[in-house]
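Below is one structure, written out as C-alpha cells, with a few remarks after it.
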Amino acid sequence: MAEIGGAYLVWIGIKEHRGLAFIAVGAMALAAYGVIAAFQPSHEFGRVLAACGGVLIVGSLLWGITFDGFRPDRSDFAGAFICLVGVGVIMYAR
C-alpha cells in the first residue's frame, strides 16, 4: 500500500496539478515502503524486491480499479496471473 499509494499521490500531484503537498506525502509513503521492505524476513534484497514487484503489479491494477476508474482487459488479468506465478517461483521454488 505504501508503494502504490505513494506513487499514486505523486502521480495525481503532478498529472492532476494537486500540488506539492500530494507529491510530498507520496514521497514520504515511498520512503516508508523502503523501510517496510527492509523488515521482510528474507535477507535477500533481490528476491524480496522481485516478489514485491509481482505483488505491486496486481495491487496496482486493483488500485486503478478502485480509485481511478481503470477497466482491465484479459491481457491485464493474464499478465497479473503470470506475475503472481513468478512471485511463487521466486519465493518458494527452492
Side-chain angles (χ1 to χ4, degrees):
M1 294 302 291
E3 184 179 14
I4 298 168
Y8 185 69
L9 288 172
V10 171
W11 175 274
I12 64 173
I14 293 171
K15 291 282 196 180
E16 297 180 10
H17 308 287
R18 298 272 182 102
L20 288 176
F22 276 81
I23 296 168
V25 172
M28 287 187 283
L30 288 167
Y33 162 74
V35 173
I36 293 166
F39 284 106
Q40 300 307 308
S42 176
H43 294 288
E44 297 158 325
F45 173 79
R47 182 168 282 134
V48 169
L49 206 59
C52 287
V55 173
L56 171 72
I57 290 168
V58 173
S60 296
L61 291 174
L62 294 173
W63 187 283
I65 292 166
T66 304
F67 296 105
D68 207 33
F70 176 66
R71 308 276 302 175
D73 59 23
R74 284 182 295 175
S75 297
D76 296 316
F77 287 117
F81 177 75
I82 291 166
C83 289
L84 287 180
V85 170
V87 168
V89 170
I90 289 167
M91 292 303 294
Y92 304 110
R94 301 185 229 172

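Every heavy atom of this structure was used, including side-chain atoms; hydrogens, water molecules and symmetry mates were not. Small disclaimer: the values here were computed from a predicted structure and weren't measured.
The structure places SG of Cys52 at 10.5 Å from CD1 of Ile90, a figure rounded to the nearest 0.5 Å. Atoms CD1 and CG, from Ile23 and Leu30 in turn, are 12.0 Å apart once rounded to the nearest 0.5 Å.
Every pair tested for side-chain hydrogen bond (donor to acceptor under 3.5 Å, both in side chains) that includes a residue from residues 21-40 fails, sequence neighbours excluded, so the list is empty. Screening residues 42-52 for salt bridge (charged side-chain N to carboxylate O under 4.0 Å, His left out) gives Glu44-Arg47, Glu44-Arg94 as the qualifying pairs, with residues at least two apart or on separate chains. Residue pairs meeting the salt bridge (charged side-chain N to carboxylate O under 4.0 Å, His left out) criterion with at least one partner in residues 24-37, sequence neighbours excluded, are absent. Residue pairs satisfying the salt bridge (charged side-chain N to carboxylate O under 4.0 Å, His left out) criterion with at least one member in residues 23-37, sequence neighbours excluded, are absent. Screening residues 73-87 for side-chain hydrogen bond (donor to acceptor under 3.5 Å, both in side chains), with sequence neighbours left out, gives no hits. Among pairs with a residue in residues 29-42, none fulfils salt bridge (charged side-chain N to carboxylate O under 4.0 Å, His left out), at least two apart in sequence or across chains. Listed by first and then second residue, the side-chain hydrogen bond (donor to acceptor under 3.5 Å, both in side chains) pairs that reach into residues 50-60 come to none, sequence neighbours excluded.
For Ile82, there are no side chain to side chain contact (heavy atoms under 4.5 Å, CB included) partners at least two apart in sequence or on another chain. In this view, Phe22 and Leu9, Ile12, Arg18 satisfy the side chain to side chain contact (heavy atoms under 4.5 Å, CB included) rule, not counting sequence neighbours. Contacts of Thr66 classified as side chain to side chain contact (heavy atoms under 4.5 Å, CB included), with partners at least two apart in sequence or in another chain: none. Take Cys83 and apply the side chain to side chain contact (heavy atoms under 4.5 Å, CB included) test, not counting sequence neighbours, and it matches Ile57.
Connection of Val85 to Val55 is not established within any shared hydrophobic cluster, with ILVMFWY side chains joined at heavy-atom distances below 4.5 Å, either directly or through further cluster members. Both Met1 and Val25 are members of a single hydrophobic cluster when ILVMFWY side chains are connected at heavy-atom separations under 4.5 Å. Under the 4.5 Å side-chain heavy-atom criterion for grouping Ile, Leu, Val, Met, Phe, Trp and Tyr, Met91 is not connected to Phe45 through any hydrophobic cluster.
Atom CZ of Phe67 is surrounded by more than 12 heavy atoms from other residues, nucleotides or ligands within 6.0 Å. Other residues, nucleotides and ligands contribute only 12 or fewer heavy atoms inside 6.0 Å of the CZ atom of Phe81.
Pairing each heavy atom of Ile36 with each of Ala2, the nearest pair is CD1-CB, 4.0 Å. Across all their heavy atoms, Ala37 and Val48 have their closest contact at O-CG1, 4.0 Å. Here the closest heavy-atom approach between residue Ala80 and residue Leu61 is recorded as CB-CD1, 3.8 Å. The shortest heavy-atom contact between Val87 and Ala51 is CG2-O, 3.4 Å.
In the hydrophobic clustering, where aliphatic and aromatic side chains (Ile, Leu, Val, Met, Phe, Trp, Tyr) are joined below 4.5 Å either directly or transitively, Val35 groups with Phe39.
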Problem - CA sep, side-chain torsions, deciding dist, call: Asp68, Trp63, side chain to side chain contact (heavy atoms under 4.5 Å, CB included) - result: CA-CA 7 Å; Asp68 207 33; Trp63 187 283; 5.7 Å; no
